[in-house]
Amino acid sequence: MTLRTWSATSLLVLLSATAATADSVVVSNGDELHGTVVKIEKDKLYLKTGYAGTISIDWKEIESIEADGRYEVEVEAGKRFIGEIRGEA
């Protein structure tokens, strides 16, 4: 599933890291942001950074995500998935 497909299914996603993470998010203007993905909820991804606190990024602006560690993802229907987050839009 691509990132855009997940977004289109109207997810309420809660992330729980099982290891310390060093995640990166590339946005549509080419900027690469580094921090820890702490939550994806509806149309936003929340990235905790050491330089700006926790920032929200519009899902439609995300080109790719690389997240270290394993995450637990829960969708609105209550189904849970555990695994790594990797992908390009």
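In what follows, residues are counted from 1 in the order of the sequence shown. Because only heavy atoms are used, hydrogens play no part in the values below, and waters and symmetry mates are left out as well, while side chains stay in.
- In the hydrophobic clustering of ILVMFWY residues, with side-chain heavy atoms under 4.5 Å counting as a link, Leu47 and Val27 come out together.
- Atom-to-atom distance recorded for Ile62:CD1 and Ile57:CD1 is 5.5 Å, nearest 0.5 angstrom.
- Taking NZ of Lys60 as the reference point, atom CG of Asp43 lies at 8.0 Å (rounded to 0.5 Å).
- Under the side-chain contact (heavy atoms from CB on, under 4.5 Å) criterion, Ser28 pairs with Glu61, Glu63, not counting sequence neighbours.
- Proximity of Tyr46 to Ile40: side-chain heavy atoms (C-beta onward) are nowhere separated by under 4.5 Å.
- For Lys44, the salt bridge (charged side-chain N to carboxylate O under 4.0 Å, His left out) partners at least two apart in sequence or on another chain are Asp58.
- Pairs engaging residues 28-37 under the salt bridge (Lys or Arg N to Asp or Glu O under 4.0 Å) rule: none recorded [sequence neighbours left out].
- Val37 and Tyr51 fall within a single hydrophobic cluster, where Ile, Leu, Val, Met, Phe, Trp and Tyr are joined by side-chain heavy atoms under 4.5 Å apart, directly or via other members.
- Between Val38 and Thr54, some side-chain heavy-atom pair lies under the 4.5 Å cut-off.
- A 4.5 Å side-chain heavy-atom check between Ile55 and Leu33 finds at least one atom pair inside the cut-off.
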